[in-house]
Asker: 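Attaching a single structure in structure tokens format; questions to follow.
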Amino acid sequence: MPDARPPFRADHVGSLVRPASLKALRAEKEAGRATAEAVTAAENAAIRDAVAFQEGVGLQGITDGEMRRKSWHMDFLMQLSGLASEGKALPVTFHGKSGELFFTRPDLAVTSRVTRSRPIFVDGFTFLRSLVHRTAKLTLPSPSMLLTQVGQPNIDRHVYPDLDRFADDTAAAYRAEIADLYAAGCRYLQLDDVSLAYLCDETMRAEGKARGDDPDRQLALSVRMVREVLRDKPRDLAVCTHLCRGNFRSSWRAQGGYERVAETVFTQMPYDGFFLEFDDARSGDFSPLRHVPKTARVVLGLVTSKTGTLERKDDLKRRLDEAAKYLPLDQLGLSPQCGFSSTVEGNDIGVEQQRAKLALCVETAGEVWGAL
């Protein structure tokens with residue numbers, strides 16, 4: 001029987017390579033030579049194509065490819081109230097096969113209470129749902145991402161003497177957005193999170209401590225936020241998370257297996273599914289899966305989205321068998337390890353290579369588990 005509830009046996013993280021014409025039009029708008037209406041029309045067309053593409057490949061969970069976003073997380077986080085910036089661009093170092101790459105993010109601080117003053121992605125989801133014949137899936141950055149993008153020292157202690165109050169306000173803002181998304185028909189939601197995987201990297205933990213962050217406090221606050229966000233979750237709303245070590249122009253930030261956070265994340269965060277990055281040695285082995293409860297599915301990101309080289313089906317089946325030593329095969333699924341375009345620039349991969357990788361996930365899952 002086909003899966004009735006997400007996450008699906010063959011699934012994907014969410015973002016897709018942006019059409020070159022859409023990226024060019026965005027650049028024209030930033031230069032003042034194109035209107036917002038023209039960009040919206042181009043985004044709508046790209047989303048229609050993305051939906052047809054995904055359904056044609058055989059996927060059940062259908063996203064908008066994040067075609068309206070510049071980045072997977074900041075487009076949402078920057079629309080929450082309570083944030084301020086001095087206008088500085090902070091460099092973030094990524095590591096690629098050809099050397100280091102630099103992403104920049106704004107210098108954010110929390111200077112007043114975090115709230116959601118208006119719906120953020122609801123209209124975008126409504127448009128997506130109008131096109132989808134299967135299950136429309138929306139991705140949001142996890143609430144943990146707000147904490148890490150700001151940094152604990154940059155949360156005004158006059159506003160939040162207790163960081164638990166910051167966590168509670170952030171969770172309330174997310175609950176408001178999710179309630180509106182549910183009313184708009186959303187039944188498959190994914191909270192993307194690199195911050196938890198970064199806690200598995202000893203170098204990044206040390207760097208965080210040097211900035212005044214407490215990695216253990218960060219994990220505890222993340223658990224608090226996620227539990228508060230999902231405390232009143234409707235039974236028919238499937239909520240998953242995606243944990244990876246960074247994805248920018250085919251490069252990465254962190255390394256280290258999930259063991260350091262696995263028991264806490266898997267047993268204390270009440271997700272229906274976990275999308276986990278396992279495409280290379282940076283992700284460690286499958287042994288942390290022993291902590292996953294029987295109520296959750298793990299979608300193994302065995303197919304890399306960072307390069308166009310196509311994996312072998314037999315190798316994917318072998319790795320699924322390895323993972324099944326720690327978690328029953330019935331609780332597993334298959335996907336690419338991350339999105340194909342976490343930022344507007346996209347990874348070093350072509351549209352047809354993207355298609356081949358998603359089709360490989362669908363075909364392999366069909367052979368392993370039967371009808372999807």
Side-chain angles (χ1 to χ4, degrees), residues 10-76 78 94 96 101 103-104 120-121 123-141 190 192 242 244 246-251 303-310 335-362:
D11 218 316
H12 71 126
V13 170
S15 66
L16 299 171
V17 174
R18 314 292 202 269
S21 58
L22 176 57
K23 291 195 287 186
L25 187 61
R26 280 232 179 94
E28 288 290 294
K29 178 180 177 293
E30 292 175 2
R33 295 190 293 268
T35 65
E37 291 77 13
V39 172
T40 298
E43 290 169 347
N44 289 347
I47 292 168
R48 289 189 184 94
D49 290 343
V51 169
F53 164 75
Q54 293 167 81
E55 293 189 340
V57 167
L59 292 166
Q60 299 298 314
I62 310 297
T63 75
D64 64 3
E66 301 180 8
M67 296 292 171
R68 299 193 197 279
R69 304 186 207 182
K70 186 174 182 179
S71 75
W72 64 275
H73 57 322
M74 298 308 295
D75 290 57
F76 181 87
M78 292 294 288
F94 281 75
L101 296 174
F103 176 78
T104 59
I120 299 175
F121 281 172
D123 286 347
F125 175 79
T126 300
F127 179 80
L128 171 67
R129 186 168 181 258
S130 73
L131 304 173
V132 171
H133 298 95
R134 296 175 185 174
T135 301
K137 170 182 176 179
L138 182 69
T139 63
L140 299 178
Q190 180 176 295
D192 292 329
H242 163 62
C244 85
N247 185 51
F248 171 61
R249 295 173 55 193
S250 294
S251 60
V303 174
T304 189
S305 68
K306 287 181 164 56
T307 69
T309 303
L310 191 63
S335 76
Q337 122 280 345
C338 196
F340 293 94
S341 189
S342 297
T343 65
V344 68
E345 294 87 353
N347 285 348
D348 184 17
I349 190 167
V351 172
E352 289 307 311
Q353 292 171 317
Q354 175 182 252
R355 183 190 303 275
K357 284 177 177 280
L358 291 171
L360 176 64
C361 290
V362 172

Asker: Within this structure, what is the CZ-OG distance for the pair R48 and S130, rounded to the nearest 0.5 Å?
Answerer: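 Rounded to the nearest 0.5 Å, the CZ-OG separation comes out at 7.5 Å.
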Asker: Kindly say whether S341 contributes a backbone atom to a donor-acceptor pair with the side chain of S15 at under 3.5 angstrom?
Answerer: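 Judged by distance alone, yes, a pair lies under 3.5 Å.
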Asker: Within a strict 4.5 Å, meaning less than it, do heavy atoms of the V13 and Q190 side chains meet?
Answerer: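 Yes, side chains in contact.
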Asker: Could you check if a side-chain atom of L358 sits within less than 4.5 angstrom of a side-chain atom of P336, using non-hydrogen atoms only?
Answerer: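 They are in side-chain contact.
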Asker: Output the distance between atom OG1 (T343) and atom CG (N247), rounded to the nearest 0.5 Å.
Answerer: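 So the OG1 of T343 and the CG of N247 are separated by 8.0 Å.
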Asker: Which heavy-atom pair separates D192 from H242 by the least distance, and what is that distance?
Answerer: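 Taking D192 first and H242 second, the nearest heavy atoms are OD1-CB, 3.2 Å.
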Asker: Please determine whether the number of non-hydrogen atoms from other residues, nucleotides or ligands lying under 6.0 Å from atom NZ of K23 exceeds 12.
Answerer: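 It does: K23 NZ has more than 12 such atoms within range.
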Asker: How close do I47 and M67 get, counting heavy atoms only, and between which atoms?
Answerer: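 Smallest interatomic distance, heavy atoms only, reads CG1-CB, 3.8 Å.
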Asker: CZ of R129: more than 12 outside heavy atoms within 6.0 angstrom?
Answerer: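 No, CZ of R129 has 12 or fewer neighbouring heavy atoms, counting only those of other groups under 6.0 Å.
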Asker: Let me confirm one number: the CG-NZ distance from D11 to K137, rounded to the nearest 0.5 Å.
Answerer: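 Result: 4.5 Å between the selected atoms.
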Asker: Working to the nearest 0.5 angstrom, can you tell me the gap between Q54 CD and I62 CD1?
Answerer: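 If I round to the nearest 0.5 Å, the distance is 4.5 Å.
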Asker: Per the side chain to side chain donor-acceptor pair (under 3.5 Å) rule, which among D123, T40, N44 passes with R68?
Answerer: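 For R68, the side chain to side chain donor-acceptor pair (under 3.5 Å) check succeeds only for N44.
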Asker: Grab the two heavy atoms, one from L140 and one from L138, that are nearest each other, plus how far apart they are.
Answerer: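 Taking L140 first and L138 second, the nearest heavy atoms are CD2-CD2, 4.1 Å.
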Asker: Answer yes or no: is there a side-chain heavy-atom contact under 4.5 Å between H133 and V51?
Answerer: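 No. Closest side-chain heavy atoms not under 4.5 Å.
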Asker: If you take all heavy atoms of R249 and E345, which pair is closest and at what distance?
Answerer: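 Distance-wise, the nearest heavy atoms are CG-CB, 3.8 Å.
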Asker: Heavy atoms, side chains only, cut-off 4.5 Å: are F340 and Q353 in contact?
Answerer: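 Result no, sub-4.5 Å side-chain heavy-atom pair not found.
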Asker: Going by the rule ring-ring contact (aromatic ring centres under 6.0 Å, His included), which residues pair with F248 if we only count those two or more places apart in sequence or in a different chain?
Answerer: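 By the ring-ring contact (aromatic ring centres under 6.0 Å, His included) rule, F248 matches F94, F103.
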Asker: Would you say the side chains of E66 and T139 form a donor-acceptor pair under 3.5 Å?
Answerer: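 Yes - a donor-acceptor pair under 3.5 Å links their side chains.
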Asker: Can you give me the closest heavy-atom contact between S305 and G339, atom names plus distance?
Answerer: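 For S305 and G339, the tightest heavy-atom pair comes out as OG-O, 2.8 Å.
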Asker: Has the side chain of K357 got a donor or acceptor atom that lies under 3.5 Å from a matching backbone atom of T309?
Answerer: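 Indeed, once roles are kept as given, a pair shorter than 3.5 Å links the two residues.
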Asker: Would you please say whether a donor-acceptor pair under 3.5 Å links the side chains of S250 and D348?
Answerer: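 Per modelled atom types, S250 and D348 side chains form no pair under 3.5 Å.
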Asker: Rounded to the nearest 0.5 Å, what separation is found between the OG1 atom of T63 and the NE2 atom of H12?
Answerer: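 Rounded to the nearest 0.5 Å, the OG1-NE2 separation comes out at 4.0 Å.
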Asker: Looking only at non-hydrogen atoms, find the nearest pair between R18 and V344 and report the distance.
Answerer: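 Of all heavy-atom pairs spanning R18 and V344, the closest is CG-O, 3.7 Å.
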Asker: Measuring from atom CE of M74 to atom OG1 of T104, what distance do you get when rounded to the nearest 0.5 angstrom?
Answerer: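 Atom-to-atom, M74:CE and T104:OG1 are 10.0 Å apart.
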